[in-house]
Structures are given as structure tokens and as C-alpha cells.
Amino acid sequence: AHLASDNFDLVLLDIAMPGISGLQVLDAVAGQDLHTSFMIMTGDTSQDTAVEALRRGAIDYIRKPFDPDELLIRIDNAISRQELRSEHRRISNINHDLESQIRQSQKMEAIGALAGGVAHDFNNILTIILGNTELAATMLDDGHPAIENLRQVELASTRARELIKHLLTFSRNDGGG
């Protein structure tokens, strides 16, 4: 319970403890993301217990009786490895954030390119509309009732051309082009 709520760099476990073994503790925390390292102490002279502890997630083991200086060196090494893992996690998170920003930038670039393409297509259509509107107006007398309608088409087309200029500006600024 304390391992999940408290932040420990290293837990030193004995294989033989009252009520629960060090291997059982390793099994109990196996699926949790504790960011805690575990070192096993054992009085067992066989390699099997040490190998089993390492398989279950221990970072190191030490045989009893041990020299206190050896224990300090092993603890120091275990904490150094823990710090490296923490730094690796931090860098991985930064990398993930940067990848997300790159994907967002690529999406914006694609939207800008799409906006530019749509703007050019609309501009081509408007050129035809404006050209034919001007041509139709020259074919009619000034007093013809359709002249006012043609002026409205020309006015709306001019407004649409301004919108197209905004789209083109957006596509050049945000589209990477």
C-alpha cells in the first residue's frame, strides 16, 4: 500500500521475511508502474534464488552476509540506474510531445495546401463568372432590367475574390508554402 502512495527510489527486500517472501512482494508489484527499484538480499548460496528474483523484476541481489561497503556500492548503482530510467521516461515524454506537435504541424500544412488549392479553383471559376458578367453587361443597353442583376453578380464575385485572397494568405502562412 505504501509503495503505491509513496515515492521510493529503492526497496531492499529479504527473500525470507515473516508473512511474505521477497519474491511474493515482487509478484505483487509486478504490474504496477511504481518507478521503484527492488534489490533482494538472500542467505541462499544457490544462484537459483537470485536468478528467480531478477526474472521477477529485482534490479540486483546481494548475498548475506555482505560487506557494508559492497551494499552501499550496489545501492548507489541501483539508484543511478533508477535515475537513468527516470530520465529516459522524461525524454520519452518530451519526444512524444514533440511528435504530437509535428503531427499537428503536418495537419496544418495539409489544411493550408487544401485551402490554397480550393482558393485557386474558386478563383478560376470567379474569373469566368466575372468575365461573362462583364461581357453580358456590354451586350445590353444601360436601361435594361438585367443590368442591375449583373451588377449584383459582379459585386458578389468581387467579395468572393477578397475571401479567396484571405484563403491564399492563410495557405501561404500556415501551409508551409
Side-chain angles (χ1 to χ4, degrees), residues 1-124 162-177:
H2 287 290
L3 288 175
S5 63
D6 294 333
N7 200 6
F8 296 99
D9 293 323
L10 179 68
V11 174
L12 185 60
L13 292 172
D14 199 328
I15 287 290
M17 299 185 297
I20 189 169
S21 75
L23 294 176
Q24 290 171 318
V25 171
L26 290 174
D27 290 341
V29 298
Q32 301 177 28
D33 189 22
L34 298 178
H35 307 295
T36 300
S37 295
F38 294 87
M39 186 185 311
I40 295 291
M41 293 186 295
T42 179
D44 190 349
T45 57
S46 77
Q47 293 282 336
D48 296 341
T49 304
V51 169
E52 187 58 31
L54 293 172
R55 280 191 185 132
R56 294 186 189 194
I59 195 167
D60 199 358
Y61 71 93
I62 190 166
R63 284 206 174 82
K64 297 186 285 185
F66 49 81
D67 179 351
D69 289 334
E70 181 186 1
L71 178 62
L72 290 175
I73 289 169
R74 288 179 180 251
I75 287 173
D76 207 29
N77 287 340
I79 290 174
S80 293
R81 282 183 272 178
Q82 182 67 16
E83 288 170 352
L84 286 173
R85 275 200 292 285
S86 293
E87 183 67 9
H88 181 263
R89 276 191 301 274
R90 187 185 72 76
I91 290 170
S92 291
N93 288 338
I94 290 170
N95 189 37
H96 180 265
D97 292 344
L98 290 173
E99 286 172 351
S100 294
Q101 289 175 6
I102 288 170
R103 280 191 297 278
Q104 185 65 25
S105 175
Q106 289 170 337
K107 288 177 189 177
M108 290 303 295
E109 184 176 343
I111 289 170
L114 177 64
V118 168
H120 282 294
D121 288 347
F122 276 135
N123 199 37
N124 292 340
E162 288 300 313
L163 288 173
I164 288 171
K165 284 181 185 176
H166 291 299
L167 272 175
L168 286 171
T169 300
F170 169 79
S171 71
R172 288 183 194 116
N173 290 340
D174 291 341

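It should be emphasised that the depicted structure is a prediction, and the values quoted were computed from it without experimental measurement. Position 1 is the first residue of the sequence, and the numbers go up from there.
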What distance do [X] atom [atom1] and [Y] atom [atom2] have between them, rounded to the nearest 0.5 Å?
X    : Y    : atom1 : atom2 : value
L167 : E162 : CG    : CD    : 12.0 Å
I91  : L98  : CD1   : CG    : 11.5 Å
E83  : R90  : CD    : CZ    : 12.5 Å
I15  : Y61  : CD1   : OH    : 11.5 Å
L23  : R55  : CG    : CZ    : 11.5 Å
N124 : I164 : CG    : CD1   : 8.5 Å

Legend entry - Main-chain N/O of Q101 paired to S105 side chain as donor or acceptor, under 3.5 Å: no

Inset, instruction - Please answer whether the main-chain N or O of S21 pairs with a side-chain N or O of Q24 as donor and acceptor at a distance below 3.5 Å. - result: yes

Inset, instruction - Given side-chain contact (heavy atoms from CB on, under 4.5 Å), test N123 with K165 step by step and report yes or no. - result: CA-CA 9 Å; N123 199 37; K165 284 181 185 176; over 6 Å; no

Would you indicate whether the side-chain heavy atoms of [Y] and [X] approach each other to under 4.5 Å?
X    : Y    : result
Q82  : L10  : no
L168 : H120 : yes
Q104 : K107 : yes
N77  : R81  : yes
I59  : R85  : yes
S92  : H88  : yes
L163 : F122 : no

Inset, instruction - Identify the two heavy atoms, one from A78 and one from S37, that lie closest to each other, and give their separation to 0.1 Å. - result: O-OG, 4.3 Å

Inset, instruction - Taking all non-hydrogen atoms of both residues into account, name the closest pair between I62 and R74 and its distance. - result: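 Looking at all heavy atoms of both residues, the shortest contact is CD1-CD, 3.7 Å.
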
Legend entry - Over 12 foreign heavy atoms within 6.0 Å of NZ, K64: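 More than 12 within 6.0 Å, yes.
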
Inset, instruction - Using the side chain to side chain contact (heavy atoms under 4.5 Å, CB included) rule, pick out the option among D14, L71, L13 that qualifies with M41. - result: D14

Inset, instruction - Show the numbers, then the answer: is there a side-chain contact (heavy atoms from CB on, under 4.5 Å) between I40 and L26? - result: CA-CA 10 Å; I40 295 291; L26 290 174; 3.9 Å; yes

